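Predicted model only: the values in this text are computed from it and were never measured.
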Amino acid sequence: MIRHIVFFTAKTSDNLDAICEGLMLLGTIPHSRHFEVTRNSKVDQISNEIDVVVYAEFEDAAALAAYKAHPTYAEATERVRPLREWRFSADVPAK
């Protein structure tokens, strides 16, 4: 299993709702075993720059690749990219 974790920062706080709505489109793509979009609670004492987190689980690399190749992925990217500043992504194998 692969854990796909993506962190986003918004250009402005006014963009947060639209970013979350755009990212929720990704949850309609059928290749993930689990999918969620969450606003960062920002309770860390050292770093609170991240605004929104996407967490998804995929059976394997093929499922993750199919997810990223789906037309809805491109649509979500088009909606969110102009609203966000930074995007950090990690794909971690689950043990």
Legend entry - Interatomic spacing from CZ in Arg39 to SG in Cys20 - rounded to 0.5 Å: 5.0 Å
Inset, instruction - Take atom CZ of Arg87 as the centre, draw a 6.0 Å sphere, and report whether it contains more than 12 heavy atoms from other residues, nucleotides or ligands. - result: yes
Inset, instruction - Taking all non-hydrogen atoms of both residues into account, name the closest pair between Gly22 and Ala76 and its distance. - result: O-CB, 3.4 Å
Legend entry - Side-chain donor or acceptor of Asn40 paired with backbone N/O of Ile50 under 3.5 Å: yes
Inset, instruction - Report the hydrophobic cluster partners of Val43, with the cluster defined as I, L, V, M, F, W, Y residues connected by side-chain heavy atoms closer than 4.5 angstrom, directly or transitively. - result: none
Legend entry - Under 3.5 Å: donor-acceptor pair, side chain of Asn15, backbone of Ala10: no
Legend entry - Residue list, side-chain contact (heavy atoms from CB on, under 4.5 Å) with Thr28, at least two apart or on another chain: Thr72
Legend entry - Taking every non-hydrogen atom, the tightest pair across Ser89 and His4: OG-CE1, 3.6 Å
Inset, instruction - Please confirm whether the backbone N or O of Pro82 pairs with a side-chain atom of Lys11, one donor and one acceptor, at under 3.5 Å? - result: yes
Legend entry - Backbone of Glu49 reached by a side-chain donor or acceptor of Thr9 within 3.5 Å: no
Legend entry - Summary of salt bridge (Lys or Arg N to Asp or Glu O under 4.0 Å) pairs that have at least one residue in residues 19-37, sequence neighbours excluded: Arg33-Glu59
Inset, instruction - Apply side-chain contact (heavy atoms from CB on, under 4.5 Å) to Ala94 and list each qualifying residue two or more places apart in sequence or on a separate chain. - result: Met1, Arg3
Inset, instruction - Give the minimum heavy-atom separation between Asp60 and Ala63, together with the two atoms involved. - result: OD1-N, 2.9 Å
Legend entry - Residue list, side-chain contact (heavy atoms from CB on, under 4.5 Å) with Asp44, at least two apart or on another chain: Ile46, Ser47, Asn48
Inset, instruction - Could you list who else is in Val37's hydrophobic cluster, with ILVMFWY side chains joined at under 4.5 Å, directly or through other members? - result: Ile2, Val6, Phe8, Leu16, Ile19, Leu23, Met24, Leu26, Ile29, Phe35, Val52, Val54, Phe58, Leu64, Tyr67, Tyr73, Val80, Leu83
Inset, instruction - Would you please test Lys42 and Asp51 for side-chain contact (heavy atoms from CB on, under 4.5 Å) and show each step? - result: CA-CA 8 Å; Lys42 298 191 176 189; Asp51 294 308; 2.6 Å; yes
